[in-house]
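Some notes on the structure that comes next.
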Amino acid sequence: MPTTYQGPRKSDNQPKKTVSQSTQSNFAAGTATVQNIIANKGDDVFSISPQDTLGKAVELLSEKRIGALVVTDSDSTLLGILSERDIVRKLAETPGKTLPHKVEQVMTSNVEVCTLDETLVSVLRRMTDGRFRHMPVMKDKKLVGVVTIGDVVNYRLNELEYEALQLKQLVVG
Ligand code: AMP
């Protein structure tokens, strides 16, 4: 049977439709990893020894403007994490006598860590569920950085701003 000629339809010339929740934008948010943060932030890790005092920890936290220190031995093996929360708790327990205590008496030993290829969504979920804001990053059993909940939220915020700009450019041209 001969094919009947069909003239162009109105829909043929219409630009592709875009939507705010495209598969692509959702996919990008779901697959950004810890590596993306460490690449921007760098791999600085501020650490302290378990034998050091809380006095030294307080000085370091204040000087480096951070909220937690990883606790390591002389081989840089991860032994624990000490956050400002731990120090505040100890301050309430031992008013006026807190700073001479050793880090090992106050730190959390059961540390949850992540790897460079873990997604930010997964890290955020574990931090939220575990109610902590810091996560040491490991590569081949070595410490290669620390991500904070602030880093993850900031990264996602930048992504959202970028996506909004792209949408605006699509609409306004
Ligand atoms: P943060 O919210 O990180 O200041 O810490 C709140 C509490 O969780 C403190 O007792 C910390 O020692 C502990 N903590 C912080 N980070 C971790 C982590 N990655 N794994 C387990 N405990 C943690």
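In this text the structure is predicted, and so the values were computed from the model without any measurement. Both ligands and their constituent atoms are indexed starting at 1 by order of listing.
- Each of the following atoms of ligand 1 lies closer than 4.0 Å to a heavy atom of R89: 10 (O).
- Closest heavy-atom approach to atom 19 (N) of ligand 1 among the candidates R85, M107, H134: H134.
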Between K102 and D52, does a salt bridge (charged side-chain N to carboxylate O under 4.0 Å, His left out) hold up when you go through it step by step?
CA-CA 6 Å; K102 296 250 171 77; D52 282 328; over 6 Å; no

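- The ligand atoms of ligand 1 that sit less than 4.0 angstrom from a heavy atom of P136 are 19 (N).
- Side-chain polar atoms of T115 and D117 form a donor-acceptor pair below 3.5 angstrom.
- Counting protein heavy atoms only, atom 5 (O) of ligand 1 is closest to S83 OG, 3.4 Å.
- In summary, of the residues considered (V147, L160, L124, L120), a side chain to side chain contact (heavy atoms under 4.5 Å, CB included) with Y155 occurs for L120 alone.
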Using salt bridge (charged side-chain N to carboxylate O under 4.0 Å, His left out), reason through K56 and E59 one step at a time and then give a plain yes or no.
CA-CA 5 Å; K56 180 166 178 190; E59 277 173 24; over 6 Å; no

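- For ligand 1 and E112, the ligand atoms under 4.0 Å from any heavy atom of the residue are 18 (C), 19 (N), 20 (N), 21 (C).
- Every atom of ligand 1 with a heavy atom of T108 under 4.0 Å away is listed here by number and element: 10 (O), 11 (C), 12 (O), 13 (C), 22 (N).
- Put simply, CG on N36 and CD1 on I38 are 10.5 Å apart, with the number rounded to the nearest 0.5 Å.
- The side-chain heavy atoms of T33 and L116, taken from C-beta on, include no pair separated by under 4.5 Å.
- Using a cutoff of 4.0 Å between basic side-chain nitrogens and carboxylate oxygens, R126 and D129 are not scored as salt-bridged.
- Every atom of ligand 1 is numbered from 1 in the order shown, and the set under 4.0 Å from a heavy atom of I81 is 12 (O), 14 (N), 15 (C), 16 (N), 17 (C), 23 (C).
- Of the protein's non-hydrogen atoms, F132 CB, 3.5 Å is the one closest to atom 15 (C) of ligand 1.
- The two residues D86 and I81 make their nearest non-hydrogen contact at OD2-O, 3.9 Å.
- Close contacts of ligand 1 with R133, meaning ligand atoms under 4.0 Å from a residue heavy atom, involve 1 (P), 2 (O), 3 (O), 4 (O).
- Checking I87, V123, N110 against atom 21 (C) of ligand 1, the nearest heavy atom belongs to N110.
- Of all protein heavy atoms, the one lying nearest to atom 11 (C) of ligand 1 is D86 OD2, 3.4 Å.
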